[in-house]
Number of protein chains: 2
Amino acid sequence: MAAPSRARGEYAKTAARRQEILNAATDVFSTSGYHGGSLRDVAERVGLSQAGVLHHFPSKTHLVEAVLAWRDEQSLERIGDRLSAGLDRIRALVDLVAHNQSTPELVELYATLSAEATSPEHPLHDYFVQRYAWVTGYVDNAFADAAATGQLRAGVDPPSAARTLIALMDGLQMQWLFDRSAVDMAAEVRSHVRSLLAVEL
Amino acid sequence: MAAPSRARGEYAKTAARRQEILNAATDVFSTSGYHGGSLRDVAERVGLSQAGVLHHFPSKTHLVEAVLAWRDEQSLERIGDRLSAGLDRIRALVDLVAHNQSTPELVELYATLSAEATSPEHPLHDYFVQRYAWVTGYVDNAFADAAATGQLRAGVDPPSAARTLIALMDGLQMQWLFDRSAVDMAAEVRSHVRSLLAVEL
DNA sequence: GTCTATATACTGATAGAC
DNA sequence: GTCTATCAGTATATAGAC
């Protein structure tokens with residue numbers, strides 16, 4: 001069997017470089033959005049030429065998609081132990097909001113890109129359509145589980161509760177991005193969730 | 001007294017042209033944002049050259065600021081009879097949400113621009129900081145009035161209720177922009193407000 | 001008031017040397 | 001894997017004719 005022509009260390013170096021680029025790109029796209037951010041900005045931060053960046057990611061669109069894929073993977077690792085369901089899932093969500101308060105950069109990334117992507121021609125439009133569908137379904141299932149075991153206050157409709165909770169989270173993020181001392185996102189979300197439940201959170 | 005060198009009709013024509021440009025600019029900035037939208041796009045829609053547009057508005061920043069000033073003026077005319085206070089103010093807000101459902105373009109304009117403007121270097125950053133401060137105070141006052149007359153459910157904190165209501169509205173708009181059949185913004189807002197009140201809305 | 005022409009700068013992407 | 005050089009496209013803004 002022919003061994004690969006490069007030693008293992010070379011691959012690791014490439015992977016590390018890709019990671020550096022993804023980090024820099026997160027910075028750039030979160031502050032300037034997709035349209036406003038440039039490959040040259042990204043390249044400069046990582047000490048590479050613009051063409052150097054395009055060696056690792058063949059286009060700007062590929063790059064921004066890779067950023068989101070990587071960040072989603074990370075979020076899933078945080079939340080995503082598969083046992084979580086029902087109220088546990090809601091608890092994990094509240095914890096995620098609390099955690100987000102320590103990563104304004106990521107919050108800004110999703111807020112900025114998703115707003116840009118409401119336009120159907122935006123390269124990330126389909127990504128965010130799918131993302132919203134997935135998140136809504138995820139939370140809806142959790143509330144439906146809770147309802148089935150009598151943990152939901154009377155009159156609370158799971159699908160509506162899901163839409164509302166996600167909307168609240170997104171909207172609080174906007175206020176928080178403009179003034180981080182103005183809002184305690186986790187506290188507001190926790191208090192809202194409590195108002196939906198018939199049991200302790 | 002020397003009369004102006006132009007007849008009244010000339011001024012009216014200029015004002016009409018400015019208005020055409022503002023309409024076109026609303027279109028462009030709402031779909032592409034500030035960074036993504038270009039003066040040439042605006043000019044093309046209104047049948048003018050790019051330099052022609054810059055005759056009426058000296059820069060892109062002036063133009064987008066004029067768009068927002070004009071739209072704010074319109075919104076204030078809708079909501080803004082000065083007698084509205086307390087619960088009436090909240091009712092007017094819910095009505096505004098219902099009305100917004102017939103103007104997706106405007107909803108998109110504010111959603112897109114405000115997300116872009118979270119970055120402090122964005123030309124609209126200060127505008128949106130002020131806007132959020134004003135809106136939050138406006139709603140906070142309404143809830144405080146309601147609390148003082150016993151119209152608020154026990155345990156509801158006016159500042160928190162204000163932040164939460166605004167967040168809910170902003171967040172619902174995002175979901176609605178991605179899929180207008182997925183959310184009934186007015187219904188969700190109305191139902192949320194009811195859960196805060198000790199009286200009928 | 002509107003145009004054409006232009007200055008200046010920056011964009012994403014490609015070609016090819018090393 | 002990274003570079004320089006470059007292309008073609010677009011941007012905002014200005015100068016000056018009409």
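Every chain is numbered from 1 and lettered A, B, ... according to where its sequence line falls, protein lines coming before strand lines.
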Provide, to the nearest angstrom, the distance between the [atom1] atom belonging to [X] and the [atom2] atom belonging to [N].
X     : N      : atom1 : atom2 : answer
B/L54 : C/dA7  : CG    : P     : 18 Å
B/L39 : C/dC3  : CG    : P     : 14 Å
B/H62 : D/dT12 : NE2   : P     : 15 Å
A/E44 : D/dT2  : CD    : C1'   : 17 Å
B/F57 : C/dT2  : CZ    : P     : 12 Å
B/H35 : C/dG12 : NE2   : P     : 12 Å

Would you call A/D72 and A/R131 a salt bridge, taking side-chain N to carboxylate O under 4.0 Å as the test? yes

Does [N] have OP1 or OP2 sitting under 4.0 Å from an N or O in the side chain of [X]?
X     : N     : result
A/S49 : D/dT2 : no
A/H56 : D/dT2 : yes
B/H55 : C/dT2 : no

Restricting to pairs with a member in residues 41-80 of chain A, which pass ring pair (Phe, Tyr, Trp, His ring centres under 6.0 Å), not counting sequence neighbours? none

Parallel, tilted or perpendicular: which describes the rings of A/H192 and B/H192, with under 30° parallel and over 60° perpendicular? tilted

Over 60° means perpendicular and under 30° means parallel, so tell me whether B/Y132 and A/F178 are parallel, tilted or perpendicular.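 If you compare the ring of B/Y132 with that of A/F178, the planes turn out tilted.
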
Where the side chain of [X] is concerned, which of [options] is the nearest nucleotide?
X     : options               : answer
A/R17 : C/dA5, C/dG1, D/dT2   : D/dT2
B/K60 : D/dA13, C/dT4, C/dA13 : D/dA13
A/L48 : C/dG12, D/dC3, C/dC3  : D/dC3

Residue mapping more 5' on DNA chain C - nearest nucleotide basis, A/G36 or A/A51: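 In this pair, the answer is A/G36.
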
For B/T61 and A/G52, find the nucleotide of DNA chain D closest to each by heavy atoms; which residue's nucleotide sits nearer the 5' end?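 Result: A/G52.
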
Is it the case that the base of C/dA13 and the side chain of A/Q50 share a donor-acceptor contact (distance under 3.5 Å, atom types as modelled)? yes

Confirm from the modelled atom types if A/R40 and C/dG12 form a donor-acceptor pair under 3.5 Å, side chain to base only. yes

Please report the closest heavy-atom contact between A/W176 and A/N100, naming both atoms and the distance.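 Reported closest heavy-atom pair: CH2-O, 3.8 Å.
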
